[in-house]
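I have placed the structure first, in the form of structure tokens, so that the comments after it can refer back to it.
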Amino acid sequence: MNHLSEEELTMHAYGDAENGARVAEHLAECAACAAEFARLEKVMAMMQRPVPERGEEYGEAVWRQVRAQLPDDEYPRRFWSLAEWLMTRRMVAAGAVAAVVLVAFLIGRYTGEKFPPQNPMTAQVKERIVLVAVGKHLDRSQMVLVELMHSEPEKNGKVNLAEEQEQARDLVDANRLYKQSAARMGDANVTGVLDDLERVLVEVANGPTEMNQAELARLQQEIQSQGILLKVRVLGAKVKQESKRPAANKKPQGRT
Amino acid sequence: MQEERKDAAVVAAVLSGDREAYGELVRRHSRTIFALAFRVTGNETDAEEVVQEAWMKAYRSLSRFEQRSNFGTWLYRITMNCALDRIERRKQGRTVAIAEEPDPEQNEVQLVSDAPDAERVMFSGQVGERIQKTMETLTRTERAAFVMRHMEGKSIEEIAAALGLKTGSAKNSIFRAVQKMRHALEPMMATR
């Protein structure tokens with residue numbers, strides 16, 4: 001009978017032997033290997049070293065020491081990125097809600113033509129409600145953007161954006177919903193506008209409540225350079241026009 | 001999973017310039033990496049320094065951290081490398097000292113006094129000292145693989161992935177380390 005090798009015994013002790021069943025079987029039958037294995041296990045047990053305890057407060061103590069050594073300018077302060085915001089748990093919850101509402105939105109807005117509902121008035125009312133909601137959303141977004149563009153620092157050199165921030169937070173989820181539905185319908189134009197808008201809303205919603213002049217100027221520059229205000233205004237006007245048009249005159253939707 | 005999402009979000013906040021957010025990561029993971037650092041270096045003083053060094057290195061490399069991966073695993077690797085580097089430096093320092101004083105007795109004294117005596121005694125006395133000495137004879141890969149498998153209970157696959165080895169090579173490194181440890185410790189067992 002071939003005895004087990006030291007490597008087989010070692011790996012078996014860790015439960016990593018490729019042929020674990022055969023090794024176990026052999027150990028049950030071979031007294032010499034069983035004795036060798038017992039000895040190995042004993043010496044392996046000696047190889048453990050207890051780690052000195054570190055209490056709950058240890059992390060805080062380490063942080064105090066590390067903090068004092070961190071360079072100041074490694075990662076300059078900037079507004080929160082969309083990617084960062086997407087990673088928050090809030091986004092997960094908002095996404096779940098948006099998905100539900102999105103289905104309702106798509107049914108109401110886009111399938112009415114192909115599959116006339118039993119009660120046409122209900123479909124029209126539903127569609128109008130959605131259009132009105134989108135119009136209001138764009139109106140509110142426009143107002144926030146206008147306020148931001150006209151904000152000026154106080155005497156202390158800071159501007160308080162608590163109100164705009166609160167509004168932006170409210171608008172972000174709805175915006176994402178509308179953007180998703182536009183994307184699903186392949187409407188690149190609307191998707192693009194809502195995407196630009198969302199980026200600004202997210203930055204405002206998650207940025208500092210108080211901004212200094214430079215931060216504010218940077219935000220205003222971003223809004224201005226992308227022409228977001230104008231785009232939102234144009235899209236808002238189109239949506240309003242659509243929502244006021246009599247049902248009989250309506251063209252099939254899905255592209256603007 | 002939840003915690004990892006949180007870690008990733010905190011990393012993003014730090015990269016956005018929120019330096020204080022880094023404290024959340026430090027508070028959350030320091031105990032874990034201290035244990036690893038201690039297991040590799042064998043003494044508290046070195047382990048404490050490795051912990052700080054790892055956090056500093058992680059901070060500077062944070063922009064290279066891929067959000068899809070696990071922050072804890074990433075930090076673990078950094079800590080392991082810092083700990084292994086520290087042992088290398090310690091060995092190099094000792095080589096210089098031995099070369100300066102070739103007296104075998106001095107040599108022995110230096111080896112023993114390499115880490116604070118009180119700590120060594122506190123942890124595991126003679127056995128701990130023997131383990132520590134033997135650990136220092138292991139290659140870098142053997143030491144890392146052994147600590148991860150024997151002391152940290154990582155799987156062969158995790159070890160292979162962390163050290164960039166094939167599973168067979170990881171097993172082989174562990175076996176060689178255990179073999180060296182066994183040869184060092186078995187005589188002590190016989191005298192008990």
Side-chain angles (χ1 to χ4, degrees), chain A residues 5-11 13-18 39-40 42-92 203 206-208, chain B residues 2 5-6 8-9 11-20 22-31 34-36 38-39 42 44 47-48 51-52 55-56 59-60 62-63 67 119 122-124 127-128 130-132 146 149-151 155-156 171-172 174-175 178-179 181-182 185-186 188-189:
Chain A
S5 69
E6 190 179 354
E7 185 165 7
E8 282 175 312
L9 290 172
T10 304
M11 288 302 118
Y14 285 125
D16 294 331
E18 280 171 16
R39 191 171 174 78
L40 174 67
K42 214 178 262 183
V43 76
M44 281 175 75
M46 288 170 73
M47 296 174 198
Q48 282 290 358
R49 280 185 295 188
V51 177
E53 273 296 311
R54 287 294 180 270
E56 292 289 334
E57 73 293 344
Y58 177 64
E60 185 60 43
V62 173
W63 170 233
R64 278 198 298 273
Q65 290 169 320
V66 169
R67 190 171 181 269
Q69 300 171 55
L70 290 182
D72 288 329
D73 52 354
E74 191 81 29
Y75 305 111
R77 178 112 209 154
R78 63 171 167 78
F79 295 118
W80 274 35
S81 65
L82 176 62
E84 180 181 342
W85 198 83
L86 284 169
M87 278 183 290
T88 63
R89 271 180 272 173
R90 185 181 164 194
M91 177 52 206
V92 177
E203 282 189 2
N206 297 296
Chain B
Q2 192 63 27
R5 270 203 294 273
K6 214 170 161 187
V11 169
V14 177
L15 292 174
S16 299
D18 184 0
R19 207 170 67 138
E20 293 304 307
Y22 198 57
E24 282 183 47
L25 297 172
V26 175
R27 283 187 282 268
R28 193 177 299 158
H29 295 284
S30 283
R31 289 169 78 186
F34 169 78
L36 172 65
F38 177 80
R39 284 169 175 146
E44 278 185 277
E48 293 285 9
V51 167
Q52 289 207 26
W55 281 120
M56 293 304 294
Y59 187 76
R60 290 197 189 96
L62 210 55
S63 55
Q67 295 286 4
E119 287 168 7
M122 188 167 76
F123 297 145
S124 37
V127 174
R130 186 69 65 94
I131 290 172
Q132 188 53 30
F146 175 72
R149 186 69 192 99
H150 192 84
M151 299 179 178
S155 70
I156 295 290
K171 280 185 178 181
N172 201 253
I174 295 164
F175 168 64
V178 171
Q179 205 176 26
M181 282 285 176
R182 185 181 181 184
L185 294 176
E186 218 158 28
M188 295 181 85
M189 201 171 74

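Numbered from 1 within each chain, the chains take letters A, B, ... in sequence-line order. Bear in mind that the values here come from a model prediction, so they are computed numbers and not experimental data.
In this structure the side chain of A/Met47 reaches within 4.5 angstrom of the side chain of B/Leu185, judged on heavy atoms. Looking at B/Trp55 and A/Trp63, their side chains never come closer than 4.5 Å, going by heavy atoms from C-beta outward. With a 4.5 Å cut-off on side-chain heavy atoms, A/Asp16 and B/Arg149 count as touching. Considering only heavy atoms from C-beta on, A/Glu56 comes within 4.5 Å of B/Arg31 through its side chain.
Ionic pairing of A/Arg39 and B/Glu186 is present here: one or more N-O contacts between side-chain nitrogen and carboxylate oxygen are shorter than 4.0 angstrom.
Closest of all the heavy-atom pairs between A/Pro52 and B/Phe34 is O-CE2, 3.6 Å. Closest approach of A/Tyr14 and B/His150 over heavy atoms only: OH-ND1, 2.6 Å. Residue B/Ser30 comes nearest to A/Gly59 through the heavy atom pair CB-CA, 4.0 Å, listed as atom of the first residue, atom of the second, then distance. What you find for A/Met46 and B/Ile131 is that their closest heavy atoms are O-CD1, 3.2 Å.
Within the 4.5 angstrom heavy-atom criterion, no atom of B/Ser155 approaches chain A. There is no contact between A/Glu57 and chain B, counting heavy-atom distances below 4.5 Å. Of the atoms belonging to B/Val178, heavy atoms from both backbone and side chain fall under 4.5 Å from chain A. With a 4.5 Å cut-off on non-hydrogen atoms, B/Phe146 touches chain A through its side chain but not through its backbone. Contacts between B/Leu62 and chain A at a heavy-atom distance below 4.5 Å involve backbone atoms as well as side-chain atoms. Proximity to chain B (any heavy atom under 4.5 Å) is restricted, for A/Met11, to the side chain, taken from C-beta onward.
By the 6.0 Å contact criterion, CD on A/Glu53 is open, its count of non-hydrogen atoms from other residues, nucleotides or ligands being 12 or less. Within 6.0 Å of CD on A/Glu18 lie no more than 12 heavy atoms contributed by other residues, nucleotides or ligands.
The CD atom of A/Gln48 sits 7.0 Å away from the CZ atom of B/Arg39 when rounded to the nearest 0.5 Å. Between A/Leu40 atom CG and B/Arg182 atom CZ the span is 4.5 Å, to the nearest 0.5 Å. Atom CZ of A/Arg67 sits about 10.5 Å away from atom OH of B/Tyr59, to the nearest 0.5 Å.
B/Glu48 contributes no side-chain N or O that, together with a main-chain N or O of A/Val62, makes up a donor-acceptor pair within less than 3.5 Å. Judged purely by atom type and a 3.5 angstrom limit, B/Arg19 uses its side chain to pair as donor or acceptor with the backbone of A/Leu70.
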